[in-house]
Engineer: 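I'd like to ask you about the structure that follows.
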Number of protein chains: 2
Amino acid sequence: MSAEIEIQTTRTPLSRERVLLAAVDLADHEGADALSMRRLAAELGVVPMALYKHVANKDELLDGMIDVVVEEIDPPRTDTDWKSAVRDRILSARRALLRHPWASRVMESRTRPTPTVMSYMDSMIQMFTDGGFSIDLTHHVMHALGSRMIGFTQELFNDQTDPDTPIRPEMLEAMGAAYPSIYRLWKTVSHEDETIVGPGCDDQFEFEFALDLMLDGIERLKAADAG
Amino acid sequence: MSAEIEIQTTRTPLSRERVLLAAVDLADHEGADALSMRRLAAELGVVPMALYKHVANKDELLDGMIDVVVEEIDPPRTDTDWKSAVRDRILSARRALLRHPWASRVMESRTRPTPTVMSYMDSMIQMFTDGGFSIDLTHHVMHALGSRMIGFTQELFNDQTDPDTPIRPEMLEAMGAAYPSIYRLWKTVSHEDETIVGPGCDDQFEFEFALDLMLDGIERLKAADAG
DNA sequence: ACCTGAACACCGTTCAAGT
DNA sequence: ACCTGAACACCGTTCAAGT
C-alpha cells in the first residue's frame with residue numbers, strides 16, 4: 001500500500017528491468033560504444049554505483065540486454081513441418097537482431113550463454129528431434145547452423161557503406177586495378193538491380209539464400225540418414 | 001652502411017613491422033584484453049607515444065595485426081578442381097585462426113576491410129569464376145560463405161568449457177530439468193566418443209561438416225545454374 | 001625537427017566514510 | 001543497514017614543453 005503511494009510520489013525506483021530496458025534503449029539509439037555504466041546511470045538520473053544494486057557488473061548488464069533481445073524472438077510454429085518452422089523462427093530472430101543493431105556484436109563478446117539463450121537453443125534442438133531428426137544429425141546440424149540460428153548474417157564485413165558518400169570514379173578505377181575480381185563482380189551486380197542506388201546488396205535476399213542453402217542441405221542429409 | 005652498424009650498437013629501432021609482430025605476440029600469449037597501447041609500448045621497452053610514429057592509432061594497429069594473420073593463409077592450389085581448392089584454402093585459414101585465438105574476435109570488431117583482406121576476397125572470387133561459376137552465383141556464394149571464408153567457426157558460443165573444472169552431477173540433473181533437449185543431446189554425444197574426456201565436441205569435425213554441407217550445396221547450385 | 005612527460009577525458013569497480 | 005562520493009588503476013590520445 002504505502003509502497004504504491006511511494007512509487008507515485010517519488011521518482012520511479014530502479015529495478016533490474018528498468019536498468020536493462022534503459023540500457024537497450026541507449027544502445028539502440030546511440031550504439032554500443034555509448035553504453036557505459038556511468039553514461040547509463042546519467043541517463044537514469046542516478047549515481048553510477050546505484051546500478052550495481054541491480055546488476056553485479058557490466059558483463060551481467062550485457063547478458064541481461066541480450067536476454068531482452070532473445071525474448072523478442074517468436075516461439076516455434078507448431079502448425080507446419082520442421083523446415084518451415086525452423087526457417088520462420090530464424091527469420092524472426094533476424095528481425096529482432098535488425099531492431100537492435102548492437103546485439104550481434106555484444107553477443108559475440110559473451111563467452112557463456114545465459115539461461116534465456118540456453119532455453120532458445122533447447123527449443124531449437126527440440127524442433128529438429130520433433131521433426132524426426134536423429135540425435136546425432138541434430139547435433140551436427142546445430143553446430144552447422146551455429147550463430148545463424150539467432151539470425152546472425154555472418155558476413156565478412158557488414159560495413160554498411162555510407163549511402164551519403166557517393167563512390168568517386170577514380171576510386172573505382174584504382175579498385176579495378178588492385179582487385180579485378182571484386183571489381184568485375186561489383187560492376188555486374190550493381191548494373192543488375194537499377195532499383196537500388198549505388199552498389200548495395202540485398203541483405204534480406206542474401207540471408208535467405210544462405211539459410212535456404214543450409215536448410216536444403218540439411219533436408220537432404222536427413223533423407224540420407226533415414227534411408 | 002652506417003645504418004647497419006647502428007642497428008648493432010643501439011637497440012633495434014622500432015618499425016611498423018616490429019610493432020605489429022610484437023602486438024601479435026602479446027595477443028597470442030596474453031589475449032586481446034592485455035593488448036593496450038601502453039602495455040605494448042612497455043613490452044617493446046618504449047614510451048607509449050613512440051608507437052604513434054608507426055601506427056596512426058589503435059584501430060590501425062588492429063588492422064595491421066589482422067593482416068599478419070591473413071597473410072599466413074596459403075595461396076590457392078591450382079592443381080585441382082574448384083571445390084578442393086576452396087576447401088583446402090578455407091581449412092588453411094582456419095589453421096591460421098587457431099594459431100591466433102584473438103584474431104576472430106578482433107576481426108569481428110573491424111568495420112572496413114584492409115587491402116590485404118580485400119586481396120584475399122578478390123582471389124577467393126577468382127577461384128569460383130575460374131572454376132566455371134557465373135558472376136551472379138559467385139556473388140551469392142560469397143555472401144553465403146561469409147566469414148567462414150576466413151576460417152570462422154560461427155559457433156553460437158565458443159566457450160571452450162574449461163577442461164580443468166569437472167562437471168558436477170547435480171549441475172547435470174538441474175540441466176536435465178531446465179533444458180531437456182540439450183541434456184538429451186549432450187548425454188548421447190558424450191556417451192559416443194569415449195575417447196574424449198568430458199562433453200567435448202570435435203571442433204574440427206564439426207567445422208568440416210558445416211563446410212562440406214555448404215560446398216555440396218554450392219556444387220548442386222552450380223550444376224542447376226549450368227543446366 | 002624530433003621526442004616525450006604530463007595532462008585530458010574518459011573507463012569499470014573498490015572502498016571507506018557518511019547518513 | 002543502506003547509500004554514495006572519492007579514489008584506484010587503468011584506458012587512448014592530445015599537446016605543449018624540452019632537447
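Numbered from 1 within each chain, the chains take letters A, B, ... in sequence-line order. Values reported hereafter were calculated over all heavy atoms of this structure, with side chains retained and with hydrogens, waters and symmetry mates removed.
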Engineer: More than 12 heavy atoms of other residues, nucleotides or ligands under 6.0 Å from CD of E17(B): is that the case?
Structural biologist: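 Counting other residues, nucleotides and ligands, CD of E17(B) stays at 12 neighbours or fewer.
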
Engineer: Within the side chain of E43(B), is there an N or O that forms a donor-acceptor pair under 3.5 Å with the backbone of L26(B)?
Structural biologist: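 Looks like no, no N/O pair under 3.5 Å.
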
Engineer: Quick one: look up who dT14(C) pairs with, Watson-Crick or G-U, both distances under 3.5 Å, and put none if it's unpaired.
Structural biologist: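 With both distances under 3.5 Å, dT14(C) matches dA6(D).
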
Engineer: Quick one: D33(A) CG to dC11(D) P, roughly how many Å, whole number?
Structural biologist: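 Nearest whole value for this atom pair: 18 Å.
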
Engineer: To the nearest angstrom, how far is H54(B) atom NE2 from dC3(C) atom C1'?
Structural biologist: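 Those two atoms, NE2 and C1', are 12 Å apart.
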
Engineer: Distance check needed: dT4(D) P versus L14(A) CG, whole Å only.
Structural biologist: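 Value for this atom pair: 10 Å.
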
Engineer: Do the ring planes of W186(A) and Y183(A) sit parallel (below 30°), tilted (30 to 60°) or perpendicular (above 60°)?
Structural biologist: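 Answer is parallel, since the angle falls under 30°.
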
Engineer: Both M49(A) and S36(A) contact DNA chain C. Which one's nearest nucleotide lies toward the 5' end?
Structural biologist: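 That would be S36(A).
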
Engineer: Provide the distance between the two P atoms, one in dA9(D) and one in dA9(C), to the nearest whole Å.
Structural biologist: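 Between the two P atoms, the distance is 22 Å.
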
Engineer: State the pairing partner of dT19(C); accept Watson-Crick or G-U wobble contacts with both distances under 3.5 Å, and report none otherwise.
Structural biologist: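 dT19(C) is paired, partner dA1(D).
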
Engineer: Side-chain N or O of K53(A) less than 4.0 angstrom from OP1 or OP2 on dC3(D)?
Structural biologist: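 Answer yes for this pair, as a side-chain N or O of K53(A) is under 4.0 Å from OP1 or OP2.
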
Engineer: For R38(A) and dA6(D), what is the distance between atoms CZ and P respectively, to the nearest whole Å?
Structural biologist: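 So the two atoms are 12 Å apart, to the nearest Å.
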
Engineer: Roughly, in whole Å, what's the span from CG in L40(B) to P in dT13(D)?
Structural biologist: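 Spelled out: CG on L40(B) to P on dT13(D) is 13 Å.
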
Engineer: Provide, to the nearest angstrom, the distance between the CG atom belonging to N57(B) and the C1' atom belonging to dC11(D).
Structural biologist: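 Between C1' of dC11(D) and CG of N57(B): 14 Å.
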
Engineer: M37(B) CE to dT4(C) P: how many Å, rounded?
Structural biologist: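 So the two atoms are 15 Å apart, to the nearest Å.
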
Engineer: Nearest whole angstrom, please: distance from the C1' of dT14(C) to the NZ of K58(A).
Structural biologist: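 Distance, rounded to whole Å: 18 Å.
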
Engineer: Between R89(B) and D74(B), is there a salt bridge with N-O shorter than 4.0 Å?
Structural biologist: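 R89(B) and D74(B): not salt-bridged.
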
